[in-house]
Amino acid sequence: HDKKAKKRKHEYEEDEEDEDIKPKKKTKDKKVTEGKKAKKEEEEKWKWWEEERYTDGSKWRFLEHKGPVFAPPYEPLPDKVKFYYDGKPLKLSAPAEEVATFFAKMLDHEYTTKDIFRKNFFKDWRKEMTSEEKSKITDLNKCNFSDMNEYFKAQSEARKQMSKEEKQKIKEENERLLQEYGFCIMDNHKERIGNFRIEPPGLFRGRGDHPKMGMLKRRIRPEDIIINCSKDSKHPKPPPGTKWKEVRYDNKVTWLASWTENIQGSIKYIMLNPSSRIKGEKDWQKYETARRLKKCVDRIRNQYRDDWKSKEMRIRQRAVALYFIDKLALRAGNEKEEGETADTVGCCSLRVEHIKLYPKMDDQEYVVEFDFLGKDSIRYYNKIPVEKRVFKNLQLFLENKQPEDDLFDRLNTSILNKHLQELMDGLTAKVFRTYNASITLQQQLKELTCSDDSIPAKILSYNRANRAVAILCNHQRAPPKTFEKSMQNLQTKIDEKQNQLSAARKQLKAAKADHKASHDDKSKKAVEVKRKAVQRIEEQLMKLQVQATDREENKQIALGTSKLNYLDPRISVAWYVSLLPPCGKSMRSCPADWKTRSQRWGRVVHPP
DNA sequence: AGACTGACTTGGGTCCATTCCA
DNA sequence: TGGAATGGACCCAAGTCAGTCT
């Protein structure tokens with residue numbers, strides 16, 4: 001997962017490839033002459049997966065780090081940059097000015113036009129004002145931030161225009177910071193930290209219809225930070241004149257530092273990068289659990305199908321919910337505190353208003369229509385035919401309920417997970433998502449690819465398999481702002497290529513005719529040259545067409561999350577290996593079903 | 001049983017450096 | 001060589017789920 005590490009590793013593996021070819025002695029020499037480098041490589045190729053894991057619940061024995069990097073202090077605006085209230089310039093105190101700049105920077109954003117955002121911002125802003133400011137500034141509509149806004153725009157423009165040297169200097173400074181604070185020592189190994197920079201203050205931007213949007217996310221100070229490290233390590237030093245909130249030595253957790261965030265009151269952590277042993281082991285374990293589910297999923301499916309007939313309502317609800325989680329890869333759906341977050345749901349928290357039942361729809365029977373906002377306020381919309389028993393159960397669950405009532409009133413995620421735990425050790429609702437995602441990739445890869453496809457065709461096949469997973473998991477994205485334009489550009493290229501092709505074909509034809517007439521060697525060679533040219537252009541055209549297809553199909557599908565979190569990497573590796581020998585099948589086309597499911601759903605309330 | 005909290009995974013967006021291509 | 005496309009790093013919000021407390 002650590003892209004840079006991957007790059008480094010790749011370089012190393014190339015070395016290794018070399019070593020396979022070269023005689024062994026040479027590799028030994030190399031190791032002797034490049035002792036330092038070899039030692040570094042030794043560290044980089046540490047195979048933690050070949051080592052024993054802790055069995056006592058501890059996560060490490062030794063942990064040493066330098067603590068977090070704090071956000072740079074606020075730099076007051078130059079005097080020439082004015083804030084106007086009611087048309088008159090007004091010099092703000094530094095704390096009030098800082099908060100004002102957060103708003104000023106967002107002026108072009110749709111957020112700042114939203115009532116809740118403005119209300120929350122203004123309330124929190126006033127808290128930062130002096131009593132004098134507070135008495136003067138009473139109406140946000142009379143505030144004019146546009147001068148400030150232009151100043152920041154000019155600043156970012158200036159940053160873009162910086163000379164190469166200046167840019168290089170900044171880059172070096174970042175690198176220095178990374179080297180100093182970006183790594184820790186955990187159990188004899190240097191590991192990359194994921195987020196060693198503390199989140200800077202700013203205005204909270206929730207996703208979807210968030211009741212807290214616009215609130216002030218306050219600046220985090222050393223006094224807010226809890227440090228976690230080992231007793232026998234060199235402890236991180238707080239900045240001069242400050243103190244940590246606490247230093248603790250808890251090796252039952254993986255985080256290096258934490259603080260409590262002021263919007264939701266939740267805890268934020270500094271943890272290691274995905275390339276670390278501690279994240280890698282967990283990730284591996286996740287896929288192993290999914291593999292264990294594969295072995296007993298038939299039994300579990302039979303069980304919940306049986307449970308559809310149960311005398312007990314709670315068991316029927318549990319069984320129908322589990323069916324949805326399995327078949328549709330829905331999330332568990334924990335309860336949420338009302339008014340604290342956007343109104344989104346998962347399976348267990350579905351409400352009556354989120355589904356519609358159709359005994360008959362077109363040529364299908366027992367169709368359920370889902371329409372709700374899931375995680376990140378991404379809309380889930382789907383129509384699926386279900387088995388009659390499920391349908392009848394749903395009708396039963398809906399009886400005498402209001403739209404805002406819970407569909408599964410006798411069920412929550414805790415009950416469901418306790419049940420799942422009894423069915424298989426370590427089984428929870430989300431394991432079904434992992435399992436179904438990975439098995440879908442495996443099946444689709446098998447169905448879509450074959451080894452004598454061209455490289456672009458293979459990539460398309462892989463992306464389509466990946467896409468099938470993303471669609472299953474409802475991983476949507478807003479179409480990129482430049483989508484239409486880039487699509488057009490591609491189409492133009494295709495048109496040009498097609499013209500080129502027909503021209504090249506004409507030339508080939510002419511050359512052939514020429515050869516027929518003269519029968520000399522020179523004209524024969526000319527035919528060959530033209531034939532090659534046609535072939536090359538055909539390949540280029542095909543590549544462009546595949547690219548266009550891929551891009552079009554991916555318009556509002558986000559592949560990243562599934563690639564990163566749901567697809568067992570071993571499946572991709574196995575697929576790659578399987579393509580090495582030829583197999584003789586031809587490429588299949590995209591199943592029509594996928595296209596219909598990737599229609600424009602979009603995020604309903606979508607922060608640009 | 002239910003509320004609450006802490007720790008950890010999953011999520012899409014944005015920005016910026018690199019790559020690609022005419 | 002410059003502008004567009006691309007892809008990855010980074011950002012930080014929003015989920016899941018287990019354990020504890022009441």
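By convention in this document, chain letters (A, B, ...) are assigned in the order of the sequence lines, proteins followed by strands, and residues within each chain are numbered from 1.
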Engineer: Report the nucleotide, chosen from B/dC8, B/dG11, C/dA14, that has the shortest atom-to-atom distance to any side-chain atom of A/Arg331.
Structural biologist: B/dG11

Engineer: Choose from C/dA14, C/dA18, C/dC10 the nucleotide whose nearest atom is closest to any side-chain atom of A/Arg192.
Structural biologist: C/dC10

Engineer: Between C/dC11, B/dC8, B/dG13, spot the one nearest the side chain of A/Tyr269, thanks.
Structural biologist: B/dC8

Engineer: Considering only NZ, NE, NH1 and NH2 on the basic side and carboxylate oxygens on the acidic side, decide whether A/Lys543 and A/Glu539 come within less than 4.0 Å.
Structural biologist: no

Engineer: Using OP1 and OP2 only, check whether a side-chain N or O of A/His475 sits under 4.0 Å from B/dT10.
Structural biologist: no

Engineer: Within this structure, what is the CD-to-P distance between A/Glu261 and B/dT5, rounded to whole angstrom?
Structural biologist: 13 Å

Engineer: Please classify the nucleic acid contact of A/Gly346 as base, sugar-phosphate, or nothing, using heavy-atom distances under 4.0 Å.
Structural biologist: nothing

Engineer: Is it true that, when you exclude A/Glu338 itself, more than 12 heavy atoms of the residues, nucleotides or ligands shown sit nearer than 6.0 Å to its CD?
Structural biologist: no

Engineer: Ignoring backbone atoms, establish whether A/Ser414 has a side-chain N or O less than 4.0 Å from OP1 or OP2 of C/dA18.
Structural biologist: no

Engineer: Consider the side chain of A/Lys485, meaning its heavy atoms from C-beta on, and name the nucleotide among C/dC12, C/dA5, B/dC8 that approaches it most closely.
Structural biologist: C/dA5

Engineer: Can you check the A/Arg205 CZ to C/dA14 C1' distance for me, whole Å?
Structural biologist: 16 Å

Engineer: Please give, in whole Å, the distance from B/dC8 P to A/Asn565 CG?
Structural biologist: 16 Å

Engineer: Rounded to the nearest Å, what distance is computed from the CG atom of residue A/Leu416 to the C1' atom of nucleotide B/dA1?
Structural biologist: 17 Å

Engineer: For DNA chain C, what residues of residues 424-431 of chain A have any heavy atom nearer than 4.0 Å?
Structural biologist: A/Thr428, A/Ala429, A/Lys430

Engineer: Looking at the rings of A/Phe196 and A/Tyr181, which for Trp means the six-membered one, are their centres under 6.0 Å apart?
Structural biologist: no

Engineer: Which nucleotide in the set C/dC17, B/dT10, B/dC8 lies at the smallest distance from any side-chain heavy atom of A/Lys375?
Structural biologist: B/dT10

Engineer: Classify the angle between the aromatic ring planes of A/Tyr380 and A/Phe370 as parallel (below 30°), tilted (30 to 60°) or perpendicular (above 60°).
Structural biologist: perpendicular

Engineer: What's the closest nucleotide to the side chain of A/Lys282 if the choices are B/dC8, C/dC12, C/dT16?
Structural biologist: B/dC8

Engineer: Under the ring-ring contact (aromatic ring centres under 6.0 Å, His included) rule, what do A/Tyr566 and A/His475 come out as? Steps first, then yes or no, please.
Structural biologist: CA-CA 11 Å; A/Tyr566 287 101; A/His475 291 144; 5.7 Å; yes

Engineer: Heavy-atom nearest nucleotide on DNA chain C for A/Ile198 versus A/Lys336: which residue maps closer to 5'?
Structural biologist: A/Ile198

Engineer: Distance check: side-chain N/O of A/Lys252 vs OP1/OP2 of B/dC8, anything under 4.0 Å?
Structural biologist: no

Engineer: Quick one: is A/Ser258 getting a side-chain N or O under 4.0 Å of the B/dG6 phosphate, OP1 or OP2?
Structural biologist: no

Engineer: Take a 6.0 Å sphere around NZ of A/Lys252 and say whether it holds more than 12 heavy atoms from other residues, nucleotides or ligands.
Structural biologist: yes

Engineer: Within the modelled atom types, does a donor on one side and an acceptor on the other bring the side chain of A/Arg207 and the base of C/dA14 under 3.5 Å apart?
Structural biologist: no

Engineer: Please determine if a side-chain N or O atom of A/Lys268 lies less than 4.0 Å away from the OP1 or OP2 oxygen of C/dC12.
Structural biologist: no

Engineer: Would you indicate which nucleotide in C/dA18, B/dA7, B/dG12 comes nearest to any side-chain atom of A/Ile378?
Structural biologist: B/dG12

Engineer: Where the side chain of A/Lys217 is concerned, which of C/dA14, C/dG15, C/dC12 is the nearest nucleotide?
Structural biologist: C/dC12

Engineer: In whole Å, what is the span from the CG atom of A/Asn334 to the P atom of B/dA7?
Structural biologist: 18 Å

Engineer: Determine, for A/Arg467 against A/Asp550, whether the closest basic-nitrogen to carboxylate-oxygen distance falls under 4.0 angstrom.
Structural biologist: yes

Engineer: Is a salt bridge present between A/Asp187 and A/Arg61, judged by a nitrogen-to-oxygen distance below 4.0 Å?
Structural biologist: no

Engineer: On the nucleotide C/dA5, are OP1 or OP2 found under 4.0 Å from the side-chain N or O atoms that A/Asn489 carries?
Structural biologist: yes

Engineer: Choosing from C/dA18, B/dA22, B/dG12, which nucleotide comes nearest the side chain of A/Lys493?
Structural biologist: B/dA22

Engineer: When you measure from the side chain of A/Tyr566, which nucleotide among B/dG11, C/dC17, B/dC8 comes out closest?
Structural biologist: B/dG11

Engineer: Using heavy-atom distances to pick each residue's nearest nucleotide on DNA chain C, tell me which of A/Leu490 and A/Pro200 is more 5'.
Structural biologist: A/Leu490

Engineer: Given B/dG6, is OP1 or OP2 found less than 4.0 Å from the side-chain N or O atoms of A/Arg248?
Structural biologist: no

Engineer: Would you call A/Glu199 and A/Lys268 a salt bridge, using N to O less than 4.0 angstrom?
Structural biologist: yes

Engineer: Remember a base hit wins even if backbone is also touched, and classify A/Lys59 as base, sugar-phosphate or nothing at under 4.0 Å, heavy atoms.
Structural biologist: sugar-phosphate

Engineer: Given B/dG12, is OP1 or OP2 found less than 4.0 Å from the side-chain N or O atoms of A/Thr561?
Structural biologist: yes

Engineer: Just how far, in rounded Å, is C1' of C/dA5 from CD of A/Gln491?
Structural biologist: 17 Å

Engineer: Over how many whole Å does the gap from A/Gln264 atom CD to B/dT5 atom C1' extend?
Structural biologist: 14 Å

Engineer: Can you tell me if the side-chain N/O atoms of A/Lys418 get under 4.0 Å from OP1 or OP2 in C/dA18?
Structural biologist: no

Engineer: Let me confirm one number: the CE-OG1 distance from A/Met106 to A/Thr113, rounded to the nearest 0.5 Å.
Structural biologist: 10.5 Å

Engineer: Just to confirm, is there a sub-4.0 Å distance from OP1 or OP2 of C/dG7 to any side-chain nitrogen or oxygen of A/Arg551?
Structural biologist: no

Engineer: What does A/Thr254 touch in the nucleic acid at a heavy-atom separation under 4.0 angstrom: a base, only the sugar-phosphate, or nothing?
Structural biologist: sugar-phosphate

Engineer: Quick one: on DNA chain B, does A/Thr434 or A/Gly265 contact a more 5' nucleotide (nearest heavy atom)?
Structural biologist: A/Gly265

Engineer: Whole angstrom is fine here: how far is it from CG in A/Asn412 over to C1' in C/dT16?
Structural biologist: 13 Å

Engineer: Please confirm whether the shortest side-chain N or O distance from A/Gln547 to OP1 or OP2 of C/dT6 is below 4.0 Å.
Structural biologist: yes

